[in-house]
Amino acid sequence: MHIFLIALILSTFSFAKNFVSSSFSANFEESIISLATGKEKKSFGKIDYKFPGHIRFEIVSPNASLFVSNPQRSWYYVPPFVEGEQGQVTIQKSSKLPLTKFLDSIKDGIEGSKLFTSKFQGNDLILTFLGSVQKEFTLKQVTFHASKDAKAVQKMSEFEKMSLIYIDGRKVNLKFLDLKEESSFPAKHFEFTPPAKTKIING
């Protein structure tokens, strides 16, 4: 499941309040580095977020999928490869998912965080998750890259990209092609109604 987007994070010094907007929308480019070959595989999509606990993450190409979550429930939908065939959706309680918990926790900065430690290295901000959190998120480290000294960054949109390293060694790069803060969404934007002929799995 593409939940690589996890992380819009900050530092041990005091960032401005609302470093992560209470809502945002962005198109993105995601690249996954193969452990076996070292080759890069890219995908493109869109992410929408609203505090607290609302996220919509859609892969548009090359292989379409959709992840939608609100404070009560989440859906992971994979459409059929051929029109008219059966797609599949996995439905589960949001309380079991680390993604929205993580995003919500950093909305007002990360000072005193119990999830991770962080350090600056030139234009990079390196975030390292604590042992128990690594197991929960299956994520070891996130590096945020800016075009200037990372200590001077005041808004999430100033970071150009982020690199995520998972505990199994996988590396994922996530780049926002644009980011609109304080976005507004339709009433049921963070809900999902499965199309007809969809296989439903309750997780």
Side-chain angles (χ1 to χ4, degrees), residues 1-10 15 17-32 42-61 63-79 87-110 113 115-116 127 129 133-134 136-139 142 144 155-157 159 161-164 166 170 172-195 198 200-203:
M1 183 187 298
H2 289 271
I3 330 191
F4 302 131
L5 36 134
I6 309 197
L8 314 162
I9 321 305
L10 321 283
F15 277 109
K17 283 285 186 180
N18 297 321
F19 181 90
V20 177
S21 172
S22 59
S23 65
F24 67 83
S25 181
N27 293 309
F28 65 83
E29 174 187 290
E30 179 187 72
S31 61
I32 302 174
K42 290 187 177 182
S43 59
F44 300 86
K46 184 178 182 180
I47 177 174
D48 299 324
Y49 169 77
K50 185 177 77 170
F51 180 88
H54 297 76
I55 196 163
R56 186 182 181 96
F57 184 70
E58 182 175 10
I59 297 292
V60 176
S61 67
N63 300 313
S65 65
L66 176 65
F67 176 72
V68 181
S69 182
N70 60 46
Q72 289 76 43
R73 187 171 295 183
S74 72
W75 299 261
Y76 177 59
Y77 174 65
V78 179
Q88 179 175 297
V89 63
T90 301
I91 304 173
Q92 60 182 338
K93 293 181 179 179
S94 297
S95 60
K96 295 182 179 180
L97 301 171
L99 176 57
T100 49
K101 176 183 176 182
F102 178 74
L103 288 173
D104 290 347
S105 75
I106 61 166
K107 177 180 176 293
D108 291 325
I110 56 90
S113 175
L115 302 180
F116 45 74
L127 185 75
F129 291 90
V133 180
Q134 287 186 22
E136 181 182 2
F137 290 178
T138 69
L139 187 64
V142 175
F144 294 86
K155 296 289 289 182
M156 181 183 69
S157 55
F159 283 110
K161 66 178 181 179
M162 63 184 79
S163 297
L164 300 90
Y166 287 79
R170 286 178 298 145
V172 177
N173 295 317
L174 187 66
K175 180 180 180 181
F176 290 127
L177 305 180
D178 55 44
L179 192 150
K180 298 177 182 179
E181 298 178 308
E182 303 303 334
S183 301
S184 58
F185 305 107
K188 295 188 177 182
H189 189 63
F190 298 99
E191 298 178 14
F192 180 73
T193 301
T198 298
I200 297 176
I201 300 173
N202 291 303

Would you call [X] and [Y] a side-chain contact if the rule is heavy atoms closer than 4.5 Å?
X      : Y      : value
Lys161 : Asn173 : no
His189 : Arg56  : yes
Asp48  : Lys50  : no
Tyr77  : Pro194 : no
Met162 : Phe176 : yes
Leu139 : Leu164 : yes
Ser65  : Phe57  : no
Val89  : Tyr76  : no

Could you state the interatomic distance from [atom1] ([X]) to [atom2] ([Y]), rounded to the nearest 0.5 Å?
X      : Y      : atom1 : atom2 : value
Lys175 : Phe159 : NZ    : CZ    : 15.5 Å
Phe28  : Ile59  : CZ    : CD1   : 4.0 Å
Ile55  : Ser23  : CD1   : OG    : 12.5 Å
Asn70  : Lys188 : CG    : NZ    : 12.0 Å
Ser74  : Gln92  : OG    : CD    : 4.0 Å
Gln88  : Thr198 : CD    : OG1   : 9.5 Å

Does any N or O in the side chain of Asn27 come within less than 3.5 Å of the main-chain N or O of Asp178, such that one atom is a donor and the other an acceptor?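 Such a contact is absent between Asn27 side chain and Asp178 backbone.
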
Main-chain N/O of Leu66 paired to Glu58 side chain as donor or acceptor, under 3.5 Å: no

Write down the atom of [X], the atom of [Y], and the distance for their closest heavy-atom approach.
X      : Y      : result
Glu30  : Val172 : CG-CG1, 3.8 Å
Phe185 : Phe24  : CZ-O, 3.5 Å
Tyr166 : Thr138 : CD2-O, 2.8 Å

Do we see a donor-acceptor contact under 3.5 Å between the side chains of Glu182 and Ser22? yes

Ser94 and Ser69 side chains, donor-acceptor separation under 3.5 Å: yes

Could you tell me which residues satisfy side chain to side chain donor-acceptor pair (under 3.5 Å) with Asn202, sequence neighbours excluded, listed by chain and number?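 Partners of Asn202 under the side chain to side chain donor-acceptor pair (under 3.5 Å) test: none.
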
Is there a side-chain contact (heavy atoms from CB on, under 4.5 Å) between Lys42 and Glu29? Walk through the geometry before answering. CA-CA 7 Å; Lys42 290 187 177 182; Glu29 174 187 290; 3.7 Å; yes

